[in-house]
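We use all heavy atoms of the structure for the numbers below, so side chains are in, but hydrogens, waters and symmetry mates are not.
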Amino acid sequence: MIKSFTRFILIALLFVFGHSLSAQVIVRTSQDTATYTSLKLAFDAINAGAFTGNIEVLIDDNLVETDPPVLKASGVGSANYTSVVIFPTSEYTISGNLGSYKAIIILEDADNVTIDGRVNLTGNANGLTIQNLATSNAAGIWLARSSSGNGANNVTIRNVNVIGASASTSTIFGIVGGAYSTSSFTSGGTNNNVKILNCNVYRAYYAIRLYATSSPRATGIEIRNNNIGNNGAPGDGCYYGYYVYYTDGAIIDNNKLSINSSSTCYSYYIYYANNAVITNNTIENTSTGSSLYGYYMPYATNNYLENNSIKNSKSTAFYGVYLTSTSTGNTFNNCEISNISGSSTMYCWYVLSSSANNTFNNCTVKNVTNSSTSTLAAVY
């Protein structure tokens, strides 16, 4: 009886300790499979050439990363892969307290990478959460172009929840693209063919920030079906929502921003953008204790905007669409601004008279209060 009880205890202990020490990341190809206790160790193995060809990285448990996982480009050192697909096997979180200009996932010039938050790559639910708990100089996912590299190209981030530590600290980023640096997230670096789809991003000063360079500009950018601000939960907003800088032909479609914040908010910050297609986006149920900018578009040329709206929003100063003398040749169709209140300064359409060839078709303004100017053709 005693021996049986002792055997039972030993088996139970082995199960408990064996489970706690089990691998949390599985890396596999058609030829090889190995397990690791962190995403960093898995990326290190790929960087060392332990896996080649088409690689899958399975997140098989919650992870706490103490050092940033950095995936290098194929061809750098011993890395030799065709593609990398990262996905969870159930609903899991990858978290860490990684400040000092670090991120939970860093793709340094890494091409052909997909971060897919759907469980086992099926369905439509967001099963993967990326959360950086650092309170300054921190990001969730970083697409980084090194000084000698070609950028992180052909990257898809889809169905992922990305959470920062603060919506009011200017060095907190959700998803950021630019140049690699040990002292900044804000340097320009062009990463092409980047798709951000079906992601929820909140509690970050910059929610989605893609900053390229004037030459070459970023091409192949698609930002679709994302949700910023956690549906207006207090403290989960942003200062900059969709921040797209130096792009050509970007597609920004069916995105949403809904925040509750005491600070200024630039919802769709479309700067130095040419030939973008910006459709079906909304700003709604938003409250700020400062200024709210809807579609902020200096140096924007020949962009097409249709079925975009700002609804049910309150701020102390309101600028629905903001065009300067450098905003030329943009077309607005079927845009709506409605149910806006609380603003002592309100410009539904802020269009400097020195701008040129911007057209507005079937655009409406209704139920606007405390407005200094609320007509459709507000030209200054």
Open item on the list: What verdict does the side chain to side chain donor-acceptor pair (under 3.5 Å) test give for Asn112 and Ser83, after you've listed the backbone C-alpha separation in whole Å, the side-chain angles of each residue and the deciding distance to 0.1 Å?
Closed with: CA-CA 5 Å; Asn112 305 317; Ser83 68; over 6 Å; no

TODO: Find out whether Ile221 and Thr219 are in side-chain contact, i.e. whether some heavy atom of one side chain is under 4.5 Å from a heavy atom of the other.
DONE: no

Open item on the list: Checking side-chain polar atoms at under 3.5 Å, does Thr169 have a donor or acceptor matched by the opposite partner on Thr171?
Closed with: no

Task: For Asp44, side chain to side chain donor-acceptor pair (under 3.5 Å) partners two or more places apart - done: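 Counting only residues at least two positions away or on another chain, Asp44 forms a side chain to side chain donor-acceptor pair (under 3.5 Å) with Lys40.
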
TODO: Please tell me if the side chains of Val194 and Glu222 come closer than 4.5 Å, counting only heavy atoms from C-beta onward.
DONE: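 No. Closest side-chain heavy atoms not under 4.5 Å.
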
Task: Geometric class of the Tyr271/Tyr245 ring pair [parallel <30°, tilted 30-60°, perpendicular >60°] - done: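 Parallel: the ring planes of Tyr245 and Tyr271 meet at under 30°.
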
- [ ] Answer whether the closest heavy-atom distance between the side chains of Val57 and Ile46 falls below 4.5 Å.
- [x] yes

TODO: Please state whether the rings of Tyr205 and Tyr239 are parallel, tilted or perpendicular, taking 30° and 60° as the class boundaries.
DONE: parallel

If you look only at distance, which donor and acceptor atoms sit under 3.5 Å apart when one is on a side chain in residues 115-125 and the other is two or more places apart or in another chain?
from: Asp116; atom 1: OD1; to: Arg118; atom 2: N; distance (Å): 3.0
from: Asp116; atom 1: OD1; to: Arg118; atom 2: NE; distance (Å): 3.1
from: Asp116; atom 1: OD2; to: Arg118; atom 2: NE; distance (Å): 3.3
from: Asp116; atom 1: OD2; to: Arg118; atom 2: NH2; distance (Å): 2.9
from: Arg118; atom 1: NH1; to: Leu121; atom 2: O; distance (Å): 3.3
from: Arg118; atom 1: NH1; to: Gly123; atom 2: O; distance (Å): 3.4
from: Arg118; atom 1: NH2; to: Leu121; atom 2: O; distance (Å): 3.2
from: Thr122; atom 1: OG1; to: Val119; atom 2: O; distance (Å): 3.1

Task: Nearest atoms (heavy-atom pairs only) where Ile283 meets Ser267 - done: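 Minimum heavy-atom contact is CD1-CB, 3.5 Å.
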
Open item on the list: With a 4.5 Å cut-off on side-chain heavy atoms, are Tyr304 and Asn333 touching?
Closed with: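 Yes; the side chains approach each other to less than 4.5 Å.
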
Task: Taking every non-hydrogen atom, the tightest pair across Leu292 and Ser313 - done: CD2-CB, 3.9 Å

Open item on the list: Is the shortest side-chain heavy-atom distance between Asn132 and Ile104 below 4.5 Å?
Closed with: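 When only atoms from C-beta onward are counted, Ile104 and Asn132 do touch, with a gap below 4.5 Å.
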
Task: Rounded distance [0.5 Å steps], OH in Tyr246 versus OG in Ser214 - done: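 Spacing of OH (Tyr246) from OG (Ser214) equals 4.5 Å.
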
Task: Contacts of type salt bridge (charged side-chain N to carboxylate O under 4.0 Å, His left out), residue Glu56, not counting sequence neighbours - done: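 With sequence neighbours excluded, Glu56 shows a salt bridge (charged side-chain N to carboxylate O under 4.0 Å, His left out) to Arg28, given in chain and number order.
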
- [ ] Please step through side chain to side chain contact (heavy atoms under 4.5 Å, CB included) for the pair Leu39 and Ile94, ending with a clear verdict.
- [x] CA-CA 9 Å; Leu39 185 59; Ile94 307 174; 4.2 Å; yes

TODO: For residues Ala204 and Gly174, report the shortest heavy-atom separation together with the two atoms involved.
DONE: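 For Ala204 versus Gly174, the nearest heavy atoms are CB-N, 3.6 Å.
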
Task: Residue among Val176, Ile105, Ile157 satisfying side-chain contact (heavy atoms from CB on, under 4.5 Å) with Leu143 - done: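 Filter result, single survivor: Ile157.
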
- [ ] Side-chain contact test, heavy atoms from C-beta onward, threshold under 4.5 Å: evaluate it for Cys265 versus Tyr240 and give yes or no.
- [x] no

TODO: Determine whether the side chains of Asn254 and Asn280 contain a donor N or O and an acceptor N or O closer than 3.5 Å.
DONE: no

Open item on the list: Run the side chain to side chain donor-acceptor pair (under 3.5 Å) test against Asn312 and tell me which residues pass, sequence neighbours left out.
Closed with: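 With neighbours one apart ignored, the set is Asn339.
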
TODO: Might you confirm whether atom NZ of Lys314 has over 12 heavy atoms from other residues, nucleotides or ligands at distances under 6.0 Å?
DONE: no

Open item on the list: Could you check whether atom OH of Tyr299 has more than 12 heavy atoms from other residues, nucleotides or ligands sitting under 6.0 Å from it?
Closed with: no

Open item on the list: Going by salt bridge (charged side-chain N to carboxylate O under 4.0 Å, His left out), name the residues that satisfy it together with Lys102, two or more places apart in sequence or in a different chain.
Closed with: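 For Lys102, no residue satisfies salt bridge (charged side-chain N to carboxylate O under 4.0 Å, His left out) once neighbours in sequence are set aside.
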
Task: Check: Trp142 ring centroid to Phe173 ring centroid under 6.0 Å - done: no

Task: From CA spacing to verdict: salt bridge (Lys or Arg N to Asp or Glu O under 4.0 Å), Asp236, Arg203 - done: CA-CA 4 Å; Asp236 281 353; Arg203 214 174 299 153; 2.8 Å; yes

Open item on the list: Between the side chains of Asp248 and Arg217, is the shortest nitrogen-to-carboxylate-oxygen separation below 4.0 Å, so that they form an ion pair?
Closed with: no

Task: Within-4.5 Å side-chain heavy-atom neighbours: Ile252 and Val244 - done: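 Ile252 reaches Val244 side chain to side chain.
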
Open item on the list: Please confirm whether the ring centroid of Tyr319 lies under 6.0 Å from the ring centroid of Tyr296.
Closed with: no

- [ ] Evaluate the side chain to side chain donor-acceptor pair (under 3.5 Å) criterion for residues Asn154 and Lys195: first the C-alpha distance (whole Å), next the side-chain angles of each, then the deciding distance (0.1 Å), finally the verdict.
- [x] CA-CA 8 Å; Asn154 305 318; Lys195 297 180 181 180; over 6 Å; no

Task: side chain to side chain donor-acceptor pair (under 3.5 Å) against Tyr243, all qualifying residues, sequence neighbours excluded - done: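 For Tyr243 the side chain to side chain donor-acceptor pair (under 3.5 Å) partners, ignoring immediate neighbours, are Arg209.
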
